[in-house]
Amino acid sequence: MALRALDNTLPAAVSERPKKTAKLSTPAVVATSLVEGGRKRNDENAAPRAKSTSPPAVEQAVEYVRSEDLQPVAGPKARAAGLVADLDSKDWVKVCEALNDARRLAIHHPALLAPILEKVVLAVVKTMKNPRSAVLKTSVMACTDVFHGFGNLISSASADAFDKLLLQLLLKASQDKRFVAEEAEKAMRAMATSMPPLPLLKKLRSYVHHANLRVRAKAAVAMAHCVARMEIGTMKEFGLSALLQVSAELLNDRLPEAREAARSIVGSTHVAFCKEAALKDEKEKGQQEEEEGESGLAAAGKETDQEQEQEQEKSAVDAAWESLCALSLSPISAQAIAKIVSQLLQPQ
């Protein structure tokens, strides 16, 4: 069999490969960036361009004005008429100005603010949810001035409006931003000192069981401020047993602030209880002396027995207090309350 020539196995024609073109060096660029294909290309060998001399945009700032530095409003009637609308503005600077106007009206023109107080409180609650810190702090400052201007805010505004305001104050006092939390604590102190203690205490009681630890602690501190202002009659109206039970619960709280507030509540309750017992004993003694008609000489002869009588009275008061604790609390909680009272009675 004859062999075929090798030339038949190769293709008829072979295309030549395209030759690579040599890269040419680019000419020196000028200081400005070249534009190629609509895109800017930076050159590290180019001299830097001079920056624009146009002034930068000025960021608006809000000044926090103290309550004592706020001046009366010019045209208060017109300002009060448009206050609620300005508080709902989209411009945060305008909202801050409206909040300061609300503070001025509360301090210098409370009669003009009273008819729209509930709407203003609800608008302030809305501004307290604003993420901008300037709006948030100014709204909390407005709460302080409203509490000072309207002592019994619960009766001036609806219960729903006050409940929303109280919750926001507790939340703001519990947050990590110290400058907001401190202002919220100041507002809560103004609330505790300006409002009637009994209705406020009833509102605060539900918050000592809040899921947030810090909210519980702030509510406990506010309760301690309320109890410190209460007389024994008001405490009995709320319930001495209820006060002791709340204190016993707070003594087991995880935050020291709540536990310290519980000790304060126990101390205020014990002082009022002992004061009432002492007044009752003095009244009974006065009536007994009037009935017996003792002379001054006979009364002087009994001065040696006064110390013994005082010890007996103290023992009777202690027994009455222990009986109240035993009826109101579990044995372990009653023992914890007794320990706190003994510590408070020790000389400092």
Side-chain angles (χ1 to χ4, degrees), residues 61-67 70 84 87-89 92-103 106-107 117-151 153-154 156-195 199-226 250 253-258 260-261:
V62 174
E63 182 181 1
Y64 303 115
V65 186
R66 298 183 304 173
S67 300
L70 288 171
V84 177
L87 288 172
D88 198 32
S89 174
W92 69 271
V93 177
K94 190 174 183 179
V95 172
C96 290
E97 293 175 355
L99 287 168
N100 283 326
D101 287 338
R103 298 174 61 196
I107 296 173
L117 183 60
E118 182 174 351
K119 294 180 179 179
V120 171
V121 169
L122 291 174
V124 170
V125 170
K126 183 178 179 181
T127 61
M128 292 175 73
K129 301 175 184 179
N130 194 299
R132 191 175 288 273
S133 299
V135 178
L136 179 54
K137 181 173 180 178
T138 309
S139 64
V140 176
M141 296 173 72
C143 293
T144 304
D145 294 323
V146 169
F147 284 132
H148 284 310
F150 300 88
L153 189 60
I154 296 179
S156 302
S158 66
D160 180 62
F162 179 77
D163 290 343
K164 292 179 179 178
L165 179 63
L166 178 59
L167 176 59
Q168 287 302 315
L169 281 176
L170 289 170
L171 291 174
K172 297 305 173 286
S174 306
Q175 69 173 223
D176 294 328
K177 294 181 180 178
R178 281 312 308 166
F179 72 100
V180 175
E182 290 173 358
E183 202 64 44
E185 290 173 358
K186 181 180 177 181
M188 293 194 65
R189 286 194 297 270
M191 175 186 67
T193 56
S194 302
M195 297 181 62
L200 180 57
L201 193 63
K202 292 179 179 179
K203 294 285 187 182
L204 290 167
R205 183 179 181 180
S206 61
Y207 289 102
V208 297
H209 304 102
H210 199 274
N212 190 319
L213 293 175
R214 294 183 179 180
V215 170
R216 290 206 303 265
K218 300 305 178 182
V221 172
M223 286 188 69
H225 290 156
C226 289
L250 291 173
D253 198 272
R254 291 167 57 185
L255 291 184
E257 192 176 9
E260 188 62 31

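Index from 1, following the sequence.
- Among all heavy-atom pairs drawn from L165 and C143, the shortest one is CD1-SG, 3.5 Å.
- Considering only heavy atoms from C-beta on, V208 stays 4.5 Å or farther from D253 through its side chain.
- A 6.0 Å sphere centred on CZ of R178 holds more than 12 heavy atoms belonging to other residues, nucleotides or ligands.
- The minimum heavy-atom distance between D163 and Y207, with the atom names listed, is O-OH, 3.8 Å.
- When side chains are defined from C-beta on, F150 does not count as touching V121, because their heavy atoms never get closer than 4.5 Å.
- With S139 as reference, T127 is the one residue of V180, T127, V125 to meet the side chain to side chain contact (heavy atoms under 4.5 Å, CB included) rule.
- In this structure, T138 OG1 and R132 CZ are separated by 11.5 Å, a value rounded to the nearest 0.5 Å.
- Smallest separation of non-hydrogen atoms from M188 and A222: CE-CB, 3.9 Å.
- Atom CG of L87 and atom NZ of K94 lie 10.5 Å apart (nearest 0.5 Å).
- Taken from CG in L166 to NZ in K164, the straight-line distance is 13.5 Å, to the nearest 0.5 Å.
- A distance of 6.5 Å separates CG in D145 from CG in L70, rounded to the nearest 0.5 Å.
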(request) Apply side-chain contact (heavy atoms from CB on, under 4.5 Å) to R189 and K186, showing your working. (result) CA-CA 5 Å; R189 286 194 297 270; K186 181 180 177 181; 3.8 Å; yes
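- One finds the CG atom of L255 at 7.0 Å from the CZ atom of R216 (value rounded to the nearest 0.5 Å).
- T193 places a side-chain N or O within donor-acceptor distance of the main-chain N or O of A190, the cut-off being under 3.5 Å.
- Side-chain atoms of M128 and L169, non-hydrogen and from C-beta on, do get closer than 4.5 Å to each other.
- Ion pairing between a basic and an acidic side chain is recognised when a charged N comes within 4.0 Å of a carboxylate O; R214 and D176 show such pairing.
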(request) Report the C-alpha distance between F162 and L200 in whole Å, list the side-chain angles of each, state the deciding distance to 0.1 Å, and finish with yes or no for side-chain contact (heavy atoms from CB on, under 4.5 Å). (result) CA-CA 10 Å; F162 179 77; L200 180 57; 3.8 Å; yes
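- Here the side chain of R103 pairs a donor or acceptor atom with the backbone of V65 at under 3.5 angstrom.
- Considering CG of L171 and NZ of K218, their distance stands at 12.0 Å, rounded to 0.5 Å.
- The nearest pair of heavy atoms linking R205 to H209 is O-ND1, 3.8 Å.
- Contact detail for A134 and W92: the closest heavy-atom pair is CB-CZ3, 3.9 Å.
- Scanning both residues, L204 and A219, for their nearest heavy atoms gives O-CB, 4.3 Å.
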